[in-house]
Amino acid sequence: MQATRSQFSSKLGFIMAATGSAVGLGNIWGFPTQAASNGGAAFVLVYLALAFCLAYPALMAELFIGRYANANSVNAFKKIAAGSKSRKLGIAIGFYGIIVGSLILGFYSIVAGWMIAYSLETIAYVSQQQDIATWLAEFSTLRNIVFCFLFMLFTILIIADGVQSGIEKWSSRLMPMLVIIILILIAYVLTQKGAIEGLKVYLVPDFSRVMNPKLLINALGQAFFSLSLGVGTMLIYGSYISKNENLPILGGIVTLVDIGVAIIAGLLIIPAMYVALQNGVQIFSSTGQLLSEDTLVFNVLPALFKALGTPGLLFGFAFFCLMVIAALTSSISMLEIAVVYAIENHGIKRKQAAWLAGGIIFIISLVIILNFDPLFGYVITVTTRYSQPLLGLAMCLFAGWVWQRNAMLEEIKQGAAGSEWFWKIWPIYVRYICPILILIMLIHSFSA
Ligand code: PHE
């Protein structure tokens with residue numbers, strides 16, 4: 001089975017797919033709102049530090065384990081564990097990752113469905129179909145189900161097509177479009193009244209909040225979510241890459257692009273919020289707190305787009321299309337986790353596996369939609385804030401302690417001539433520093 005495994009066709013294919021996975025709702029929806037409600041630039045600084053010092057090394061652990069094992073996450077952990085206990089633990093971690101990844105896709109496809117609904121709403125509004133526009137914009141169980149279903153369908157269709165013609169082709173097409181649309185939107189928003197005030201909030205740090213344990217764990221969870229860590233996505237993408245490629249550099253590029261898109265998305269969203277404020281849209285609650293995340297993008301931005309008239313609506317349409325695109329290149333990477341497992345461990349064909357896993361995850365979404373208030377926020381917190389750092393911790397421990405040292409050293413040197421700095425520092429770093437820091441932050445957040 002190993003010999004027939006797919007691979008990305010090129011370095012660029014990998015970069016597109018991995019950045020496609022990393023860049024998503026987390027960058028454009030999660031990061032700016034977290035930054036805005038957590039002390040602006042202070043959060044950005046903490047985030048940058050955590051992304052480079054913890055998320056990047058954890059990403060490398062995942063990519064190396066994947067490339068070495070050339071397998072899905074369950075088999076990969078099994079392969080690097082020598083003893084029977086560590087093997088069992090590895091299998092459990094692999095499954096935990098598949099479950100967390102599927103739960104993430106469960107809520108992610110709901111949010112991405114809203115994006116589809118809002119992009120259509122701008123069209124309905126312009127063509128004066130008021131009833132349809134209202135239905136599309138109003139929160140309802142039926143609307144949520146319809147658009148979540150639609151989004152899941154797109155995801156399944158791409159994954160059913162496989163690695164090169166599915167994941168790689170679509171990521172390469174969609175990613176550059178995404179960045180171009182964001183840049184056009186920034187240029188537009190910055191010419192509007194109120195934008196500069198938003199820029200100040202985003203760029204001038206409030207250091208009094210930097211050591212707040214909630215801020216730290218939020219930033220850590222956000223960094224792990226944004227780089228798609230812990231659940232096995234990057235492990236699988238690592239397994240599709242050739243041994244000749246310089247992984248530390250490629251991983252570095254993915255990290256930089258991911259952080260870069262988050263930062264520029266902040267340049268769009270935060271000024272846009274203050275432009276909305278100028279236009280009479282409420283963005284703070286009566287206690288001066290920023291409105292919660294989903295309210296922000298889904299109430300404030302459409303209101304802003306409408307206040308700006310027809311050009312605003314066109315931008316609104318572009319913006320929500322952009323969100324759908326970003327979400328799609330991420331959702332395919334989440335579905336791939338369960339699909340590869342089904343293909344490799346149960347001999348199911350790719351197409352069937354995509355429909356089966358997609359169907360099960362859609363049922364998860366349905367359960368969340370039908371129990372929205374108790375489940376939605378809860379699933380997000382459990383998966384992204386706690387499970388992803390925990391799984392990232394497990395990856396570092398496996399790479400640093402369980403993986404046989406010589407095999408590990410040999411793997412990380414493959415294709416990495418000229419990156420001596422990396423293989424001298426990283427093994428020690430991933431063995432001691434990463435686990436200790438992640439652990440401290442997790443404990444800290446539980447006791448906060
Ligand atoms: N990184 C994606 C985002 O920022 C989310 C994601 C999480 C994708 C886990 C894959 C796995 O939107």
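We count ligands from 1, going down the list as the structure has it; atoms in each ligand are counted the same way. Reckoned from all heavy atoms, side chains included, excluding hydrogens, waters and symmetry mates.
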For Ala76 against Ile65, the heavy-atom pair lying closest together: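 Between these two residues, the closest heavy atoms are CB-CG2, 4.0 Å.
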Could you tell me which non-hydrogen atom of Gly266 sits nearest to which non-hydrogen atom of Pro271, and how far apart they are?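 Taking Gly266 first and Pro271 second, the nearest heavy atoms are O-CD, 3.3 Å.
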Find all protein N or O atoms under 3.5 angstrom from an N or O atom of ligand 1 and list the pairs with distances, or write 'none'.
from	atom 1	to	atom 2	distance (Å)
ligand 1	1 (N)	Ser21	O	3.2
ligand 1	1 (N)	Ala22	O	2.9
ligand 1	1 (N)	Phe225	O	2.8
ligand 1	1 (N)	Ser226	O	3.0
ligand 1	1 (N)	Ser228	OG	3.0
ligand 1	4 (O)	Ala22	O	3.0
ligand 1	4 (O)	Gly26	N	3.3
ligand 1	4 (O)	Asn27	OD1	3.3
ligand 1	12 (O)	Leu25	N	3.1
ligand 1	12 (O)	Gly26	N	2.9
ligand 1	12 (O)	Tyr108	OH	2.5

May I have all residue pairs that pass ring pair (Phe, Tyr, Trp, His ring centres under 6.0 Å) and include part of residues 44-63, sequence neighbours excluded?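 Qualifying pairs, neighbours excluded: Phe31-Tyr47.
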Working to the nearest 0.5 angstrom, can you tell me the gap between Lys11 NZ and Asn244 CG?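 One finds 10.0 Å between NZ of Lys11 and CG of Asn244.
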Kindly state whether the ring of Tyr341 and the ring of Phe95 have centres lying under 6.0 angstrom apart.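 Yes, ring centres under 6.0 Å apart.
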Candidate list Phe376, Phe147, Phe151, test ring pair (Phe, Tyr, Trp, His ring centres under 6.0 Å), partner Trp114, passing option: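 Of the listed residues Phe376, Phe147, Phe151, the ring pair (Phe, Tyr, Trp, His ring centres under 6.0 Å) partner of Trp114 is Phe376.
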